[in-house]
Structures are given as C-alpha cells and as structure tokens.
Amino acid sequence: MTEPTVNEDQNPLTKPKFIISAVVVAIIVALGIILALIPKGGGTPTADPTTTGTSTASAQPTATAAASICGLPAGSQTKPATTPTDTKWELIGKIAAPTAPKQYGPGKTAANGLRSCFAHSPTGALYAAANVTVLSATGKARLVYEQLAVPSPERDALLNQPQPQETSSVTAQIAGFQIRSYEADRAVIVIAAKGSNGALVSVPVPLQWHGGDWKVVVPATGSTGGGQISDLSGYVTWSGV
C-alpha cells in the first residue's frame with residue numbers, strides 16, 4: 001500500500017490533507033527520533049514498491065566490510081519475506097524488542113541500556129531498525145543519536161536541538177515490517193507500529209553499515225517520513241506482544 005505523499009516544503013503533520021488524530025500524532029512523537037531522520041525526496045535509496053518485501057538475494061558484502069564489531073556472522077543475504085520464526089522478544093520498558101544475540105543481534109547491551117551490534121545482513125538490519133525504534137520510544141533518543149547514528153554535521157545539529165517533552169501516555173508496539181531497500185552497506189527498513197488505541201503508523205528507518213555495525217543515517221534535510229496507515233497490507237506481520 002502507498003504511504004501519504006510528502007510535500008518537501010511542508011511538514012505533512014501540519015498539512016490539511018494529512019490531518020491525523022492526536023493519538024496517532026502521539027505515537028509518532030513517541031518514535032520521534034526515527035521520524036526526524038527521514039530525508040526529503042531522494043536522500044536515501046528506496047526500492048520500487050512492487051519489489052518491497054520480496055525474498056531476493058542481496059549483494060554479498062566483502063569479508064573485510066562485513067566484519068561485525070562483536071563477531072556476529074553475516075549469515076544469509078536474502079531479504080526476509082516472512083516472519084522470522086526464531087525471533088525472541090524482550091521488554092524495554094513497556095515495549096517489546098526482538099533479540100537473537102548470537103545470530104542477528106543485539107550482540108551488545110550496555111549498562112545504559114543501549115543495544116548494538118547487529119549482523120551484516122538484511123535480517124540483521126531489520127533487528128537493528130526495530131531495536132533503535134524501541135530505544136527511541138523508551139526515553140533513549142539522545143543516546144541513540146550520540147552512539148548509534150553515523151557521525152555527521154547533521155547528527156551534531158540534531159544533538160544541539162532541545163529534547164522534546166513527552167506529551168502523551170500512548171504507547172506503541174512493533175506490528176510488522178517492510179524491507180524497502182537493501183544493499184551491502186545501506187538499508188531502509190520500515191517498521192509498522194500499533195498504538196495502544198489500535199492506530200497504526202509506519203516508521204521508515206535509514207541505516208548504514210558503519211564501524212562494524214548498522215547505524216542510523218541522519219540526512220542533510222529531513223521530514224517526518226512516517227504516517228498513519230490503515231492496515232498492515234504490504235507489511236510482514238511481526239510482533240512480540
């Protein structure tokens with residue numbers, strides 16, 4: 001299914017034709033770090049919608065480039081088109097995050113709660129995107145910027161912005177995913193999240209393989225990129241709650 005059209009000159013959340021409920025906005029704000037990272041037209045590679053989610057082999061990374069910072073094997077380079085059957089889930093606060101520490105990641109969990117080191121594969125990128133989304137939604141957005149984003153002037157600019165205050169008690173859980181695009185060193189994963197009121201939103205997550213791990217990309221220009229969806233058509237269902 002198609003997502004709402006984004007006008008490059010206007011935030012879609014304030015555009016009349018893209019008015020959504022306050023509760024849905026609250027869900028998006030809860031996942032705000034990811035939404036702030038989505039580029040306006042063309043900043044991040046995307047795939048033709050007709051090929052989204054297909055189980056096709058991706059470019060095999062070289063041995064040097066594939067080296068994981070914590071030694072995780074790259075594994076299969078086939079994009080997952082069905083629910084990963086071996087997924088286990090752990091609660092971070094009240095939100096479930098996927099975990100497979102010896103296969104896909106996170107291979108590291110720091111004392112401050114940051115979860116990092118994911119396999120250099122499409123499924124590893126999926127786990128990375130899901131975990132970053134959950135971390136961002138549970139009060140660790142600034143730490144994600146500082147330690148789990150690709151260093152850049154754009155990232156530094158975001159770190160200098162005031163942190164948003166929580167304005168709603170609405171929570172959201174991962175409900176599904178799309179592999180929008182995947183190359184040996186870049187990926188765009190779309191996480192579908194379901195709010196405690198039943199509303200669904202899509203959250204695109206651009207990633208780059210950097211320093212032996214998947215890191216979030218902060219584009220030169222940004223728009224929310226995420227929005228409300230009516231159902232999970234076009235998404236692989238995937239949920240821990």
Side-chain angles (χ1 to χ4, degrees), residues 31 33-34 52-61 63 65-138 140 143-144 147-149 172-194 203-217 232 235-241:
L31 304 172
I33 183 171
I34 301 302
T52 298
T54 57
S55 180
T56 57
S58 303
Q60 182 72 35
S68 162
I69 196 171
C70 66
L72 286 180
S76 172
Q77 296 301 302
T78 298
K79 292 185 281 188
T82 59
T83 302
T85 57
D86 51 358
T87 301
K88 294 183 179 180
W89 298 82
E90 295 178 347
L91 285 178
I92 302 178
K94 296 180 180 180
I95 306 178
T99 179
K102 295 183 179 180
Q103 187 173 9
Y104 305 124
K108 291 183 176 181
T109 299
N112 61 9
L114 281 189
R115 297 155 72 87
S116 62
C117 189
F118 296 89
H120 195 181
S121 67
T123 305
L126 169 62
Y127 273 62
N131 276 269
V132 168
T133 301
V134 173
L135 287 169
S136 302
T138 53
K140 300 188 183 298
L143 283 173
V144 169
Q147 300 184 36
L148 302 181
Q173 298 287 345
I174 293 173
F177 69 88
Q178 291 179 352
I179 308 295
R180 180 170 291 177
S181 67
Y182 184 85
E183 300 174 11
D185 63 348
R186 288 185 178 272
V188 179
I189 311 296
V190 185
I191 300 295
K194 185 176 183 178
V203 184
V205 186
L207 299 168
Q208 180 179 332
W209 186 257
H210 177 86
D213 200 3
W214 288 110
K215 298 292 180 69
V216 179
V217 176
L232 292 175
Y235 290 82
V236 177
T237 57
W238 194 45
S239 177
V241 176

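Note that the structure is a prediction, hence the values are computed from the model and not measured.
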- Euclidean distance, Lys79 NZ relative to Ile179 CD1, rounded to 0.5 Å: 8.0 Å

- Do the non-hydrogen side-chain atoms of Val216 and Leu207 ever get within less than 4.5 Å of each other? yes

- Point-to-point distance, once rounded to the nearest 0.5 Å, from CG of Leu232 to NZ of Lys194: 8.0 Å

- Item | From NZ (Lys140) to CD1 (Ile92), nearest 0.5 Å | 8.5 Å

- Please answer whether the main-chain N or O of His120 pairs with a side-chain N or O of Gln77 as donor and acceptor at a distance below 3.5 Å. yes

- Task: State the CG-CG distance between Asn112 and Leu135, to the nearest 0.5 angstrom.
- Result: 9.0 Å

- Gln103 versus Ala119, closest heavy-atom pair with distance: O-CB, 3.5 Å

- Task: May I have all residue pairs that pass ring-ring contact (aromatic ring centres under 6.0 Å, His included) and include part of residues 80-116, sequence neighbours excluded?
- Result: Trp89-Trp238, Tyr104-Tyr127

- Shortest non-hydrogen contact from Ala187 toward Ala125: CB-CB, 4.1 Å

- Query: What is the distance from atom CG of Leu143 to atom CG of Leu114, rounded to the nearest 0.5 Å?
  - Reply: 5.0 Å

- Grab the two heavy atoms, one from Ser239 and one from Ala175, that are nearest each other, plus how far apart they are. CB-CA, 4.3 Å

- Message: Donor-acceptor check, side chain of Asp213 to backbone of Phe118, threshold 3.5 angstrom: yes or no?
- Response: yes

- Candidate pair Phe177 and Tyr235, rule side chain to side chain contact (heavy atoms under 4.5 Å, CB included), full reasoning: CA-CA 5 Å; Phe177 69 88; Tyr235 290 82; 5.6 Å; no

- Query: Between Ala96 and Val241, which heavy-atom pair has the shortest distance, and what is it?
  - Reply: CB-CG2, 3.6 Å

- Message: What I'd like to find out is whether the side chain of Gln147 reaches to under 4.5 Å of the side chain of Ser116, using heavy atoms alone.
- Response: no

- Message: Donor-acceptor check, side chain of Gln173 to backbone of Gly240, threshold 3.5 angstrom: yes or no?
- Response: no

- Query: Taking atom OG1 of Thr237 and atom CD1 of Ile174, what is their separation to the nearest 0.5 Å?
  - Reply: 13.0 Å

- Item | side chain to side chain contact (heavy atoms under 4.5 Å, CB included) evaluation trace for Val203 with Val190 | CA-CA 5 Å; Val203 184; Val190 185; 5.9 Å; no

- Item | Working for side chain to side chain contact (heavy atoms under 4.5 Å, CB included), residues Cys117 and Leu72 | CA-CA 8 Å; Cys117 189; Leu72 286 180; 4.2 Å; yes

- In terms of heavy-atom contacts, Leu126 and Ile191 come closest through CD1-CD1, 4.3 Å

- Task: For Thr99 and Arg115, work out which heavy atoms get closest and say how close.
- Result: CB-NH2, 3.7 Å

